[in-house]
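Have a look at the structure below, then the notes.
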Amino acid sequence: MSHLSNVWFSVTPLQVASGHGCWVTTTDGEEYLDFAAGIAVNSTGHAHPQVAQAIADQAQRFIHAQVNVFKHDLLEPLAAKLAEITPAGIDTFFYANSGAEITEAAVKLAKQATKRPNIIVFQGSFHGRTHMAMAMTTSKTVYRAGHAPLPGGVYVSPFPDPLASDQEAAINHALKAFDRLLLAETAPSETAAVIMEPVQGEGGYIPAPRAFLEGVAARCREHGILFIADEVQSGFGRTGNWFAIEQYDVEPDIICMAKGIASGFPFAALGTSRAIDDRWPKGSHGGTYTGNVLGCAAALATIDVLTAPGFADNVNARGAQLRDGLSAIMASDAGVVDVRGLGLMNAIQFADPARVAAIQKHCLEDGRLILMNAGTYGTALRLMPPLVVTADEVDTAVGAIAAAVKATA
Ligand SMILES: Cc1ncc(COP(=O)(O)O)c(C=O)c1O
């Protein structure tokens with residue numbers, strides 16, 4: 001009999017014994033190629049020696065130095081590193097342990113800094129599973145159902161459909177709907193912030209079209225609404241830049257980081273400007289484990305690995321290789337409706353969700369390849385390998401997907 005909660009859903013029935021790079025070994029000795037990477041978390045691969053060593057070394061010194069009681073010697077060095085790699089204007093950091101905690105923190109800061117109550121989110125968004133984050137999440141009802149009442153003050157605006165045949169019309173429609181929201185539902189003077197994933201993650205791995213993201217950001221500037229970039233999934237090198245927002249002409253007021261930041265050690269960071277942070281009343285936010293020293297050590301080691309010469313080039317080259325392979329599969333099968341992505345944040349979308357489930361099963365059982373799906377309709381297969389993935393491993397994954405697509409046609 002299991003003593004574990006029933007609440008976790010399972011992507012595979014596997015019991016992991018160890019991991020190395022892009023590979024995991026199960027307790028029965030089988031090896032699997034991991035293109036889920038802990039849901040886009042294991043940026044440096046499983047058990048990267050530099051990251052493992054940094055955590056082990058730090059654990060010998062001390063494990064927890066509570067941030068209100070002491071300042072430890074990794075807080076400032078990590079903030080200084082983050083200031084170097086985050087977009088211009090971001091120079092002040094708050095730490096937490098998970099993505100949901102950091103999007104919650106971003107909303108709390110935005111409300112305090114603007115003295116306004118409301119938040120705008122986009123259809124298909126995912127910002128986490130705590131109550132406010134759930135209220136801001138619209139990618140699937142399963143995340144929200146049964147939890148009402150959710151916090152109020154959250155307004156939902158459309159996100160352009162990547163499959164719309166007229167992309168310009170889809171973008172204009174979404175921007176017009178945003179304008180209408182400000183006129184009809186939440187006045188700018190009551191709107192603290194917009195929170196947007198530059199590449200929607202759980203919503204289906206959909207890069208925001210440039211004119212849309214930049215159009216929303218321009219409206220935020222005009223009205224004094226803060227622009228929060230939720231880079232929990234798209235950040236930390238996943239898209240071939242440190243952050244996906246760098247691919248747009250926009251400087252966010254607040255940036256949310258988690259997942260890949262510490263290679264799997266639970267850690268998250270919020271970045272903003274000193275001017276905005278100065279409006280966050282002392283003591284109005286915090287948390288027992290915020291600024292955890294093991295997380296800081298893991299994040300510093302992760303940044304070191306990710307800054308190695310040629311690292312981002314590999315992400316971009318492997319991403320292009322993957323999209324080429326997936327595009328060839330698309331050309332051979334009418335059930336594939338889209339291939340898209342940036343860097344190593346890619347999706348292949350099918351018309352039929354049952355087909356996606358069958359392909360995942362085939363890949364796992366025959367290809368020893370671990371994949372996850374995404375999207376409101378479960379029609380996107382997302383490819384999010386560790387960023388250290390090699391050309392051979394990408395070929396192996398594409399081969400397994402091609403075989404599964406053929407077998408399920
Ligand atoms: C964009 C985004 N924001 C927030 C979260 C929540 O992160 P966590 O699961 O660490 O709370 C996620 C998780 O998938 C995410 O993709």
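One-based numbering, in listed order, for ligands and for the atoms of each.
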N/O to N/O under 3.5 Å, ligand 1 against protein:
unit_1	atom_1	unit_2	atom_2	d
ligand 1	3 (N)	Phe126	O	3.4
ligand 1	3 (N)	Asp230	OD1	3.3
ligand 1	3 (N)	Asp230	OD2	2.8
ligand 1	10 (O)	Gly99	N	2.8
ligand 1	11 (O)	Gly99	N	3.4
ligand 1	11 (O)	Ala100	N	2.8
ligand 1	14 (O)	Lys259	NZ	3.2
ligand 1	16 (O)	Gln233	NE2	2.8

Salt bridge Glu202-Arg382, side-chain N to carboxylate O under 4.0 Å
yes

Just by distance, no angles: are the side chains of Glu393 and Thr396 close enough, under 3.5 Å, to form a donor-acceptor pair?
no

Over 12 non-hydrogen atoms of neighbours within 6.0 angstrom of CD in Glu214
yes

Classify the ring geometry of His285 against Phe94: parallel below 30°, tilted from 30° to 60°, perpendicular beyond 60°.
tilted

Strictly below 4.0 Å, N to O, side chains only: are Asp179 and Lys176 in salt-bridge contact?
no

Ring-ring centroid check Phe70 Phe62, cutoff 6.0 Å:
no

